[in-house]
Amino acid sequence: LDQLAQREGKPLVICMALGSNTGGHTGENALSLYLNYVCRKVGRAVAVAAGNEGNKGHHYFGIVPRDQDYTEVELRVGAGEKGFQVNLWGNAPDLFSVEVIAPSGEKIPRFVARKLDRQRYDFVFESTILDIQYELSEIVSGDQRLLLAFQKPTPGIWMIRVYAEGNLENTFHMWLPVTGFISDETYFLRPDPDTTVTEPGNAEGVLTFSGYDARNGSIWYDSGRGYTRNGRLNPALSAPALAVAAVALPGRVTTLTGRSAAATLGSRARSLFPERGSAL
């Protein structure tokens, strides 16, 4: 689309009504960096949805106390869950490692993080398979990333003990996959509704739209919330997201609810009033 607009000499507004919890929520993944490049061009704008993760229990924010070895994160896994991933991100130069305890009490011992390592564990008393990948310095952000991939997880309460080494913040974030890629019955028992804007909505150059209820002016409870993990203000704008009138195939009138509707309205307004820029 960018190449087409450049060839035709026309402005371009791109609407991205999709989002993912993969990435560090700082707007520094490959797609976010490319969108920043597009946004720097004259006559370009990118409207991105903030996501529907604000009230889903898919984000956890934790602090490892300085006077304790670890903090415990409780994760409920629903029946019939086939598999999912947990992404843990910690700010450099603090180092984090994990210990996993299954609902039966079986424990995967703490594994000391290395530069880039991967371990696979088969639980003895359960059919669960757990892959843990440690990345001490993620290639773009430089922060630490731990990926926990569960296959055939046993339903119940799982415990993830997070250890920290260092005398700085000792803060970390954990994300589950977005709604639609994980069971509704799988979530953190003590979730944090903030820092739930999905990628690439955390890119610095895009216009990220949260959603609100135009009938009473209140923020839609499922709408993704800021800030970014590195403290930038986000989302930038808000648009109606509840029962938004639209046209569906083959020409019938319908309604939309969610961040897709908000981002679509935002991109439409941006194309109609390009002279107003980000102050729209």
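What you see is a predicted model, and the numbers here were worked out from it, not measured in a lab. Counting begins at 1 with the first residue of the sequence.
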Requested in this report: Report the C-alpha distance between D194 and R225 in whole Å, list the side-chain angles of each, state the deciding distance to 0.1 Å, and finish with yes or no for side-chain contact (heavy atoms from CB on, under 4.5 Å).
Outcome: CA-CA 5 Å; D194 297 327; R225 308 176 192 179; 4.0 Å; yes
Query raised in the report: Is it true that the side chains of N234 and N202 contain a donor and an acceptor less than 3.5 Å apart?
Result: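 Yes.
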Heavy-atom check, side chain of [X] versus side chain of [Y], under 4.5 Å:
| X | Y | value |
| --- | --- | --- |
| T154 | F125 | no |
| Y60 | R190 | yes |
| R161 | K107 | yes |
| R44 | L12 | yes |
| L148 | L130 | yes |
| E199 | L31 | no |
| W220 | D213 | no |
| F188 | L75 | yes |

Look at atom [atom1] of [X] and say whether more than 12 heavy atoms of other residues, nucleotides or ligands are closer to it than 6.0 Å.
| X | atom1 | answer |
| --- | --- | --- |
| D184 | CG | no |
| F61 | CZ | yes |
| E126 | CD | yes |
| L1 | CG | no |
| Q3 | CD | no |
| K152 | NZ | no |

Tell me whether [Y] is reachable from [X] by hopping between hydrophobic residues (I, L, V, M, F, W, Y) whose side-chain heavy atoms are closer than 4.5 Å.
| X | Y | result |
| --- | --- | --- |
| V77 | V178 | no |
| M174 | V100 | yes |
| Y121 | I101 | no |
| W89 | I132 | no |
| I157 | Y187 | yes |

Requested in this report: Measure up the W175 and H173 rings against each other and bin them: parallel (under 30°), tilted (30 to 60°), perpendicular (over 60°).
Outcome: parallel
Query raised in the report: Do the rings of W158 and F123 sit parallel, tilted or perpendicular, given the 30° and 60° boundaries?
Result: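 It falls in the perpendicular class, over 60°.
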Report task. Start with the C-alpha gap between L35 and M16, add the side-chain angles, then the distance that decides, and say whether side-chain contact (heavy atoms from CB on, under 4.5 Å) holds. Result -> CA-CA 11 Å; L35 292 179; M16 300 195 69; 3.7 Å; yes
Query - Test side-chain contact (heavy atoms from CB on, under 4.5 Å) applied to H58 and T196, step by step - result: CA-CA 8 Å; H58 294 165; T196 50; over 6 Å; no
Requested in this report: Give the intermediate values and the outcome of side-chain contact (heavy atoms from CB on, under 4.5 Å) for residues S20 and F181.
Outcome: CA-CA 10 Å; S20 169; F181 291 86; over 6 Å; no
Requested in this report: May I ask you to decide whether R110 forms a salt bridge with E165, counting only side-chain N to carboxylate O separations under 4.0 Å?
Outcome: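 Yes, this pair counts.
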**Report entry** Short side-chain to backbone donor-acceptor contact, R76 and E185, under 3.5 Å
**Finding:**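 Confirmed, R76 side chain pairs with E185 backbone.
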